[in-house]
Novice: 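Below: one structure in structure tokens.
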Amino acid sequence: MAKYKMHLLVCGGTGCRASASEEIVKNLKTIINDKGLADEVQVIMTGCFGFCEKGPIVKVMPDNTFYTEVKPEDAREIVEEHVVKGRKVTRLLYTDPENKEHISDSKHMGFYKKQIRIALRNCGFINPENIDEYIAREGYQALGKCLSEMTPDQVIAEIKNSGLRGRGGAGFPTGLKWEITRKSKADQKYVVCNADEGDPGAFMDRSVLEGDPHSVIEAMAIAGYCIEADKGLVYIRAEYPLAIERLKIAIKQAREYGLLGNDILGTGFNFDIELRYGAGAFVCGEETALIHSMEGHRGEPTLKPPFPSVSGYLGKPTNVNNVENLCQCPSNY
């Protein structure tokens, strides 16, 4: 396996792709190959860096140089000046709006200074279509620990102690929801990921799924272990083609690695995930309306109780959490 001396991380989120980041990747790879540097420099399309206003973004590692508003024609200068000669391309660096100074390291940029990334911890750092890169950043370690060292009740207690609450609006304690669903008796239970995100202009869940889909898959498996469910469903809007594509790739890879399917990690635990598509109805972000939509009915909310944790999808106990809520679960362990 090649040991690369340098990595060029190119934003592959929806916003930057709309501004030709795929063309930037293509040009960078072509020029690097032409210069015989393919064994030393790797070009990686990542998830969203978050600073969409200044995209497309190219980040050079290991020196952490942050280039903004990059165009496909800038690829040659980045390679010839920065990669080959070690000279930063000043005109592509971020300019501080207050002192007008060029800033090359994102750690010193006002936009990032106060951020502590949890839900987006891997976005912009890994190739979301490569499970090995997720694993290299401690991915699936939480699932392994839960299955091999902890009982479902211990895992639920950990989630409750973390203070994690639902991010859909109500703020219901995540651990308590898992506990209620676990205590519900049934021959079949479900874990549902709410990836509908119907709020106008919302981009949170979409960014996570496009940049770090394995974090959601891992969390769903952990939830399945806790509530004794062997099936997970991701309800995602059909208008999210990139998120859907990357989720499909991630699910396929997780199955190939024995992290989804039967006898996960040799523990006897079975869990798998399917995708269900929404048609863009705002109301289907509400969990009972979402469940009705998945069942093929009109997506409209119903009075509670019974709560989905007791009677949800197909009348079975169903645990519903949204993307942002789930992706934070593995970081608790």
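Throughout, residue positions are numbered sequentially from 1 according to the sequence presented.
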Novice: Check the angle between the aromatic planes of Phe269 and Phe271 and answer parallel, tilted or perpendicular using the 30° and 60° thresholds.
Specialist: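 Ring orientation, 0 to 90° scale: parallel.
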Novice: Kindly indicate, with the supporting measurements, whether the criterion side-chain contact (heavy atoms from CB on, under 4.5 Å) is fulfilled by Ile31 and Val83.
Specialist: CA-CA 11 Å; Ile31 297 166; Val83 175; over 6 Å; no
Novice: Name the atoms and distances for all side-chain donor-acceptor pairs under 3.5 Å in residues 117-129, with sequence neighbours left out.
Specialist:
| residue | atom | partner | partner atom | Å |
| --- | --- | --- | --- | --- |
| Arg117 | NE | Gln115 | OE1 | 3.3 |
| Arg117 | NH1 | Cys123 | O | 3.4 |
| Arg117 | NH2 | Phe49 | O | 2.6 |
| Arg121 | NH1 | Ile118 | O | 2.7 |
| Arg121 | NH1 | Cys327 | O | 3.0 |
| Arg121 | NH2 | Cys327 | O | 2.9 |
| Asn122 | OD1 | Arg137 | NE | 2.6 |
| Asn122 | ND2 | Asp212 | OD2 | 3.1 |
| Asn127 | OD1 | Glu129 | N | 2.9 |
| Glu129 | OE2 | Arg246 | NE | 3.3 |

Novice: Leu37 vs Val84, test: side-chain contact (heavy atoms from CB on, under 4.5 Å). Steps then yes/no.
Specialist: CA-CA 9 Å; Leu37 297 171; Val84 177; 4.0 Å; yes
Novice: For atom NZ of Lys26, is the number of surrounding heavy atoms from other residues, nucleotides or ligands below 6.0 Å larger than 12?
Specialist: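 Atom NZ in Lys26 is not crowded, with 12 or fewer foreign heavy atoms closer than 6.0 Å.
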Novice: Any donor-acceptor pair under 3.5 Å linking the side chain of Glu23 with the backbone of Pro72?
Specialist: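 Such a contact is absent between Glu23 side chain and Pro72 backbone.
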Novice: For the side chain of Asp263 and the backbone of Thr267, is there at least one donor-acceptor N/O pair under 3.5 Å apart?
Specialist: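 At least one qualifying donor-acceptor pair exists.
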Novice: Can you name the nearest heavy-atom pair linking Ala229 to Val191, along with the distance?
Specialist: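 Nearest pair, atom of Ala229 first, then Val191: CB-CG2, 4.1 Å.
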Novice: Taking atom NZ of Lys304 as the centre, does the number of heavy atoms from other residues, nucleotides or ligands within less than 6.0 Å exceed 12?
Specialist: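 Correct, the count exceeds 12.
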Novice: Quick one: which of Leu314, Asn319, Asp230, Ile227 gives a side-chain contact (heavy atoms from CB on, under 4.5 Å) with Tyr190?
Specialist: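 Result for side-chain contact (heavy atoms from CB on, under 4.5 Å) with Tyr190: Leu314.
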Novice: Looking at side-chain heavy atoms only, is the closest gap between Pro56 and Val10 below 4.5 Å?
Specialist: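 Side-chain contact under 4.5 Å: no.
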Novice: Specify the closest pair of heavy atoms between Ser104 and Lys88, including all atoms of both residues, with the distance to one decimal.
Specialist: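 Here Ser104 and Lys88 meet closest at OG-NZ, 3.2 Å.
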Novice: Starting at CG of Leu259, measure out to CD1 of Ile217 and round the result to the nearest 0.5 Å.
Specialist: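 Between Leu259 CG and Ile217 CD1, I get 9.5 Å after rounding to 0.5 Å.
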Novice: Cut-off 3.5 Å, side chains only: do Tyr134 and Glu218 have a donor facing an acceptor?
Specialist: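 Judged by distance alone, the side chains do pair up.
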Novice: I'd like to know whether Tyr112 forms a ring-ring contact (aromatic ring centres under 6.0 Å, His included) with Phe66, so could you lay out the CA-CA distance, the side-chain angles of the two residues, the decisive distance to 0.1 Å, and finally the verdict.
Specialist: CA-CA 12 Å; Tyr112 290 106; Phe66 197 89; 5.7 Å; yes
Novice: Any idea which heavy atoms bring Val283 and Gly299 closest together, and the distance?
Specialist: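 Scanning both residues completely, I find the closest heavy atoms to be CG1-O, 3.1 Å.
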Novice: Do Glu286 and Thr288 have a side chain donor and acceptor closer than 3.5 Å?
Specialist: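 Distance-only check passes for Glu286 and Thr288.
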Novice: Donor-acceptor check, side chain of Arg182 to backbone of Cys226, threshold 3.5 angstrom: yes or no?
Specialist: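 Yes; judged by distance alone, with no hydrogens or angles, the pair exists.
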Novice: On a heavy-atom basis, which atom in Pro330 and which in Ser215 lie closest, and how many Å separate them?
Specialist: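 So the two residues come closest at CG-O, 3.7 Å.
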Novice: Does Tyr67 use its side chain to pair, donor to acceptor, with the backbone of Val89 at less than 3.5 Å?
Specialist: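 Indeed, once roles are kept as given, a pair shorter than 3.5 Å links the two residues.
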Novice: So Asp153 and Thr151, side-chain hydrogen bond (donor to acceptor under 3.5 Å, both in side chains) or not? Walk me through it.
Specialist: CA-CA 5 Å; Asp153 288 330; Thr151 66; 5.2 Å; no
Novice: side-chain contact (heavy atoms from CB on, under 4.5 Å), that's the test. Do Lys35 and Glu80 meet it? Break it down for me.
Specialist: CA-CA 9 Å; Lys35 293 188 176 295; Glu80 293 181 347; 3.4 Å; yes
Novice: Are any side-chain N or O atoms of Asp272 and backbone N or O atoms of Asn262, one a donor and one an acceptor, separated by less than 3.5 Å?
Specialist: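 No, because the side chain of Asp272 does not come within donor-acceptor range (under 3.5 Å) of the backbone of Asn262.
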Novice: State which residue, out of Arg276, Lys189, His292, fulfils the side-chain hydrogen bond (donor to acceptor under 3.5 Å, both in side chains) condition with Tyr313.
Specialist: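 It is Arg276, the one option of Arg276, Lys189, His292 that forms the side-chain hydrogen bond (donor to acceptor under 3.5 Å, both in side chains) with Tyr313.
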Novice: Are a donor atom and an acceptor atom from the side chains of Asp132 and Tyr257 found within less than 3.5 Å of each other?
Specialist: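 Distance-only check passes for Asp132 and Tyr257.
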Novice: Check whether any side-chain heavy atom of Cys329 sits under 4.5 Å from a side-chain heavy atom of Trp178, and report yes or no.
Specialist: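 Yes, their side chains come closer than 4.5 Å.
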Novice: Test side-chain contact (heavy atoms from CB on, under 4.5 Å) on Glu40 and Met6; report intermediate values, then the result.
Specialist: CA-CA 7 Å; Glu40 299 179 41; Met6 186 177 289; over 6 Å; no
Novice: Can you name the closest pair of heavy atoms from Val320 and Lys177 and give their distance?
Specialist: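 Shortest heavy-atom contact: O-NZ, 2.8 Å.
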Novice: Can you name the closest pair of heavy atoms from Leu242 and Gly12 and give their distance?
Specialist: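 Residues Leu242 and Gly12, closest heavy atoms: CD2-O, 3.4 Å.
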Novice: Any idea how Phe51 and Phe111 line up, ring-wise: parallel (<30°), tilted (30 to 60°), or perpendicular (>60°)?
Specialist: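 Judged by the thresholds at 30° and 60°, the geometry between Phe51 and Phe111 is parallel.
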Novice: Kindly compute the distance separating OH (Tyr94) from NE2 (His108), expressed to the nearest 0.5 Å.
Specialist: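 Answer for the OH-NE2 pair, Tyr94 versus His108, is 14.0 Å.
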Novice: Can a donor-acceptor pair be found, under 3.5 Å and without considering hydrogens, that links the side chain of Gln253 to the backbone of Ile131?
Specialist: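 Judged by distance alone, yes, a pair lies under 3.5 Å.
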Novice: Surrounding CD of Glu138 (heavy atoms of other residues, nucleotides or ligands, distance under 6.0 Å), is the total greater than 12?
Specialist: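 For Glu138, atom CD is not crowded (no more than 12 foreign heavy atoms under 6.0 Å).
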Novice: Check for a donor-acceptor pair, side chain of Thr46 on one end and backbone N or O of Leu9 on the other, with a separation under 3.5 Å.
Specialist: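 Not a single qualifying donor-acceptor pair exists.
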Novice: Check for a donor-acceptor pair, side chain of Gln328 on one end and backbone N or O of Glu324 on the other, with a separation under 3.5 Å.
Specialist: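 Pair found, side chain donor or acceptor close to backbone of Glu324.
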